2 protein chains.
Amino acid sequence: MAVRLKDIARELGVSTVTVSKALRGRADIGQETRERVLKLVAEMDYRPNMLARGLASGRSYAVGLVVPDLVHPFFGEFARSLAGGLRAEGMALILASSEDDPAIEQQEIRTLLARGIDVLLVASCRPAADFPSDLADSTAPVLLIDRQFAGGRADFVGSDDIAIGEVATRHLIGIGRKRIAHIGGHGMSPSLDRLKGFKRALSAAGITLPKAYVVTRERFEESGDSTGYHAMQELLAQKKRPDAVFCYNDLSAIGAMEAALQAGLRIPEDIAFVGCGNLRYADYLRIPLTSVDQASERLGEAAAARALELADEPDQPARTIRLEPRLIVRRSSVVG
Amino acid sequence: MAVRLKDIARELGVSTVTVSKALRGRADIGQETRERVLKLVAEMDYRPNMLARGLASGRSYAVGLVVPDLVHPFFGEFARSLAGGLRAEGMALILASSEDDPAIEQQEIRTLLARGIDVLLVASCRPAADFPSDLADSTAPVLLIDRQFAGGRADFVGSDDIAIGEVATRHLIGIGRKRIAHIGGHGMSPSLDRLKGFKRALSAAGITLPKAYVVTRERFEESGDSTGYHAMQELLAQKKRPDAVFCYNDLSAIGAMEAALQAGLRIPEDIAFVGCGNLRYADYLRIPLTSVDQASERLGEAAAARALELADEPDQPARTIRLEPRLIVRRSSVVG
DNA sequence: TTGATACACTTAAGCGCTAACGTAAAAAAC
DNA sequence: GTTTTTTACGTTAGCGCTTAAGTGTATCAA
């Protein structure tokens, strides 16, 4: 089959261990031998068998990533830049999608662990309330992405979701809106925190929030547009309908805008919208959408960097990395 | 560390091989023993170490996928449904992104192969003209996705790109357009075939195609909108500007429409557009976009099924699977 | 001269698993 | 009742690599 360490060693008249060490840059190999090895390795196009290396060394040089939905632009962009950061260090990415189903998520985590991944990255779809036991028991260090668990002492890379809620809401307040509603999720930490930021911004401005102005739903990733559409209909049914809505993500904002337009409202004159995620197509929508950018690329880079650290040194005190959001203003919130 | 085969065997007073066989459902294990093994395996939460299994058996139960761009909706959707199909059979997906760079693609293929993947799926970004040697020499069976190579005797799962070109063009002819242009790519097989279908449909209808009505570009995945925008400006500069454009994909169509709108044209009255890919957001665009649906989900399923076959039996005659496209008509091509 | 100290390698062992073959007992065949 | 077959296991060897523990030789201090 393929070229093995043994073949290189035989050809060179040295032991396999010498070749192995030379390849990995260990110090106890002579300059001349090292060069001979490297030269032949290149000539024979040798690639170490990572399964064997992983079995022998306990390190697989691969990280696992579980996301709720690959198609969601945020996770796509995140995965892309993560993969780029890992590739630079010769690490592979094993990807799994949970389809927003906790049972699938658990199963995927198990199979990733069985593959000896060095670090487990998870954007969990399980409720933020308590830390899942399988993550707590993981043999590989765990790096939570985007979604955190309550009291979790786990490593985390994600957005500052409270700031997202504040930034979006302050913008709506800033353009003079008084009846500001929120279409959000429940259960996951980003939903909770964005709502918290939303409320914080409102009360800081002395604006009261009717209970009915907060509509929460599930499943924002896959079919967020219809989720947003129906949630918006609920808001439009209020006696005093809102004049601005902060939506959990862009997809739900798209659906919500659709509902508003169908109801004959003008955007942004009658009602303004802010989404979150800064979708690639936000500029090209019927009404270009104001959105909070989560810097998914930079999150991917940060996660890659942290994952590499954890792979090298698994037993570190947990760290939390939060990136600040940035508001991108478009037509949906300013008369243009 | 984790529970090993040996631990189960010791506990049960049998050999490791017996446990291994029972676990994999081999015939030469007694009913009673099998049950005892399975029971204890469940109790002790044993998961086979896939690195060891892979090393010993030569099968890793993982497939590798290289795509040009994870963020591109087509590949995202494809990867999602592929992963689903594989998961059902206990196969993992190792994902790599080539960033549309042939050198990165080659490197990623090497690292995937070094990981002992059972099947290599590649949506290659290398020119269709000739079959790359690394794919020809691959130790794992190769399954080409979306893009084919000339005279390639390799397995393939993708769209019927000629039909895509025909369907789109016939539609534009059907709505009475006479000056039909194409913004397309070059090099990759889908570009070539879509152009072929485009020309075929035109000549079947007896419509002549000015040379300048075919504009080809590169890089349609990542920044297709600006590619489409600039290509469209070129078309608009013609003495006789087109009254319809078939664009390589939706992203370029979005950019092209943007350019047309900026030029003061009405869509579809003055100029109609058809894209390809049937983007999730096609309905919500400024002008909802008529697009050819590639059935990316079904492609993913088909690829998963074929990959499983190839994993079980690598030496099969190559098969080509092409899914028929379907036109989704929206505002960009009919006055609505 | 002796011993310590590097240096540049080799030998031995084993990671956790499976393929291939071996074997003993029970069942079936003659 | 002996041979053959079948059933249900066990033994051996090894996948390709790495870690840990040597081994021999040159170098240097005492």
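Fair warning: this is a prediction, and the values are worked out from it, not measured in the lab. Chain letters run A, B, ... following the sequence lines, proteins first and then strands; every chain starts at 1.
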Separation of C:dC9 atom C1' from A:Leu12 atom CG, nearest Å, is 13 Å
task: Apply salt bridge (Lys or Arg N to Asp or Glu O under 4.0 Å) to the pair B:Arg306 and B:Glu309, showing each step before the final yes or no.
output: CA-CA 5 Å; B:Arg306 184 61 183 152; B:Glu309 286 177 20; 2.5 Å; yes
Whole-Å distance, B:Arg53 CZ to C:dC15 C1', equals 16 Å
Atom CZ of A:Arg59 and atom C1' of C:dC15 are separated, to the nearest Å, by 16 Å
Quick note, B:Lys21 side chain, CB onward, closest among C:dT10, D:dG16, C:dC21 is C:dC21
Contact class for A:Thr18 vs. all strands (heavy atom < 4.0 Å): base, sugar-phosphate, or nothing?
base
- Item | Validation row: A:Val63, A:Leu65 side chains within 4.5 angstrom (heavy atoms) | no
When rounded to whole Å, the CG to P distance for the pair B:Asn49 and C:dG14 reads 18 Å
The nucleotide from C:dT18, D:dC17, D:dC15 with an atom nearest the side chain of A:Ala52 is D:dC17
So CG of A:Asp146 and CG of A:Asp161: to nearest 0.5 Å the spacing works out to 6.5 Å
The reported gap from CZ in A:Arg322 to CZ in A:Phe156 (rounded to nearest 0.5 angstrom) is 5.0 Å
Rounded to whole Å, CG of B:Leu55 lies from C1' of D:dT18 at a distance of 12 Å
A:Lys6 NZ to D:dC17 C1', in whole Å, measures 11 Å
Taken to the nearest whole Å, CG/A:Asp7 to P/D:dG16 is 9 Å
Review point. Is A:Arg110 paired with A:Asp134 through a side-chain N to carboxylate O contact shorter than 4.0 Å?
Key: no
Using a 4.0 Å heavy-atom cut-off, does A:Ser57 contact any base of the nucleic acid, only the sugar-phosphate backbone, or nothing at all?
sugar-phosphate
Is the ring pair A:Phe74/A:His72 parallel, tilted or perpendicular, if the boundaries are 30 and 60 degrees?
perpendicular
Tell me whether the OP1 or OP2 atom of C:dT18 has a side-chain N or O from B:Arg24 closer than 4.0 Å. yes
Is the backbone N or O of A:Ile29 less than 3.5 Å from a side-chain atom of A:Arg34, with the two atoms forming a donor-acceptor pair by type?
yes
Against the side chain of B:Ala56, the closest entry in D:dG10, D:dG14, D:dG16 is D:dG14
Heavy-atom nearest nucleotide on DNA chain D taken for B:Val14 and for A:Arg26; more 5' hit belongs to B:Val14
I want to check one thing: is the phosphate of C:dT18, taken as OP1 and OP2, less than 4.0 Å away from some side-chain N or O of B:Ser20? yes
Contact check, residues 28-43 of chain B vs DNA chain D, heavy-atom distance under 4.0 Å, returns B:Asp28, B:Ile29, B:Gly30, B:Thr33
Counting only side-chain N and O atoms of A:Tyr46, is one of them less than 4.0 Å from OP1 or OP2 of D:dC17? yes
When rounded to whole Å, the CG to C1' distance for the pair B:Leu5 and C:dT18 reads 9 Å
